[in-house]
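Worksheet: the structure to be examined is printed underneath.
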Protein chains: 2
Amino acid sequence: MDDVDCMLLTELQQDATQAYAALGKAVGLSAGAAHERVRKLREQGVIRRTTVDVDPAAVGRGVAAYVLVEANAWMGDEPVCAALEALPEVVEAHVIAGPASLLVKVRTATTEELQAALRRLFAIDGVTGTQTIVVLESFFERPVNAGA
Amino acid sequence: MDDVDCMLLTELQQDATQAYAALGKAVGLSAGAAHERVRKLREQGVIRRTTVDVDPAAVGRGVAAYVLVEANAWMGDEPVCAALEALPEVVEAHVIAGPASLLVKVRTATTEELQAALRRLFAIDGVTGTQTIVVLESFFERPVNAGA
DNA sequence: CGTGAAATCGTCATGAA
DNA sequence: TTCATGACGATTTCACG
């Protein structure tokens with residue numbers, strides 16, 4: 001993980017469809033060398049996968065909210081994780097240190113669906129309360145920058 | 001945006017490196033037809049870009065935190081957005097309806113760096129307070145699913 | 001890490017349903 | 001319109017220097 005690898009990651013985050021020749025030129029390497037670097041980054045798990053960034057609003061996920069989930073038991077466990085993952089509206093779930101046990105991110109098409117999702121969160125064993133933070137506007141959501 | 005497009009999006013989110021032939025087979029289409037569909041999804045902005053998913057811990061961003069930012073003025077404005085975007089540790093910024101004006105996601109290498117980032121958030125004009133939620137463990141962070 | 005060759009894939013034209 | 005087929009050009013990929 002040197003500076004060249006960082007530049008490769010930045011380039012790939014911006015556009016993973018570009019050819020290795022262009023990628024190599026951007027970081028001062030040949031196509032073959034760039035390819036080999038990227039292959040190793042994948043192997044090491046630094047690059048987890050290549051994916052597409054989908055506009056949430058275009059697929060019926062235009063409403064976003066963060067939900068602080070309070071629970072009466074320790075929830076850093078496997079069954080809770082599975083219960084959350086079973087809800088398609090839940091796109092993130094974190095165990096936190098703070099005013100609640102968990103923080104989950106929910107994405108739905110409408111506020112009615114958001115309400116339905118909250119009901120389903122309540123139904124999970126051990127959940128005693130929720131506090132919902134509705135997102136009005138997202139300034140930006142960007143990938144982690146390796147540099148700086 | 002029919003069912004086939006949804007399946008294409010799901011496939012591409014899982015692995016955007018696969019060949020159009022494989023992609024087409026997965027959704028019951030020829031390579032050429034799959035290619036044309038994906039081209040249109042890009043054109044329409046449903047697919048914003050193709051990127052790589054980078055392991056945060058591998059690039060010195062292993063510590064995550066959500067910060068509720070309170071302000072004494074309306075902050076849904078351009079200068080605030082720019083000030084936040086100038087901080088490389090800030091990976092997300094949202095205007096919210098809830099107990100604060102903004103919710104920002106911060107990623108750093110260590111808790112010391114997190115502290116430094118909080119100091120810089122305080123320094124932004126109009127910010128009167130912050131409440132920090134440290135992430136202890138992330139169950140999952142997954143892309144929006146077009147289906148369901 | 002660069003170069004070159006071989007295999008594979010993306011891309012586009014044509015034609016059909 | 002939308003899709004399958006086939007051919008061409010570009011790219012990935014690997015062996016060698």
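Values below: every heavy atom of this structure, side chains too, minus hydrogens, waters and symmetry copies. In this text, all values refer to a predicted model and were calculated from it rather than measured experimentally. Labels below follow one simple rule: chain letters A, B, ... track the order of the sequence lines, proteins then strands, and each chain is numbered from 1.
Judged as a salt bridge (charged side-chain N to carboxylate O under 4.0 Å, His left out), and not counting sequence neighbours, the contacts of A:Glu141 are A:Lys105, A:Arg107. By the side chain to side chain donor-acceptor pair (under 3.5 Å) test, A:Thr128 is found to be paired with no residue, residues two or more places apart in sequence or in another chain being considered. Under the rule for a side-chain contact (heavy atoms from CB on, under 4.5 Å), the partners of B:Pro143 that lie at least two apart in sequence or sit in another chain are A:Arg49, B:Gln13. For A:Thr51, there are no side chain to side chain donor-acceptor pair (under 3.5 Å) partners at least two apart in sequence or on another chain. With sequence neighbours excluded, the residues satisfying salt bridge (charged side-chain N to carboxylate O under 4.0 Å, His left out) with A:Arg48 are B:Asp53, B:Asp55. Legend: residues meeting side chain to side chain donor-acceptor pair (under 3.5 Å) with B:Thr130, ordered by chain and number and at least two apart, are absent. Legend: residues meeting salt bridge (charged side-chain N to carboxylate O under 4.0 Å, His left out) with B:Asp2, ordered by chain and number and at least two apart, are B:Arg37.
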Sequence neighbours left out, cut at 3.5 Å: what donor-acceptor pairs do the side chains of residues 24-36 of chain B make with other protein atoms?
| from | atom 1 | to | atom 2 | distance (Å) |
| --- | --- | --- | --- | --- |
| B:Ser30 | OG | B:Ala33 | N | 3.3 |
| B:Glu36 | OE1 | B:Arg39 | NE | 3.3 |
| B:Glu36 | OE2 | B:Arg39 | NH2 | 3.0 |

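With a cutoff of under 4.0 Å to any heavy atom of chain B, the contacted region of DNA chain D is bounded 5' to 3' by D:dT2 to D:dT5.
In this structure, A:Tyr20 atom OH and C:dT8 atom P are separated by 17 Å, rounded to whole Å.
Applying the ring pair (Phe, Tyr, Trp, His ring centres under 6.0 Å) rule to pairs touching residues 107-126 of chain A yields nothing, sequence neighbours excluded.
Annotation: C:dT11 and D:dT13 have their P atoms spaced 15 Å apart (nearest Å).
A salt bridge links B:Glu89 with B:Arg120: at least one charged nitrogen is closer than 4.0 Å to a carboxylate oxygen.
Base-pairing analysis of DNA chain C finds the following stems of at least three consecutive Watson-Crick or G-U pairs, with both pairing distances under 3.5 Å: C:1-9 with D:9-17, C:11-17 with D:1-7.
Non-hydrogen atoms lying under 4.0 Å from DNA chain C are contributed by A:Ala33, A:Arg37, all within residues 31-46 of chain A.
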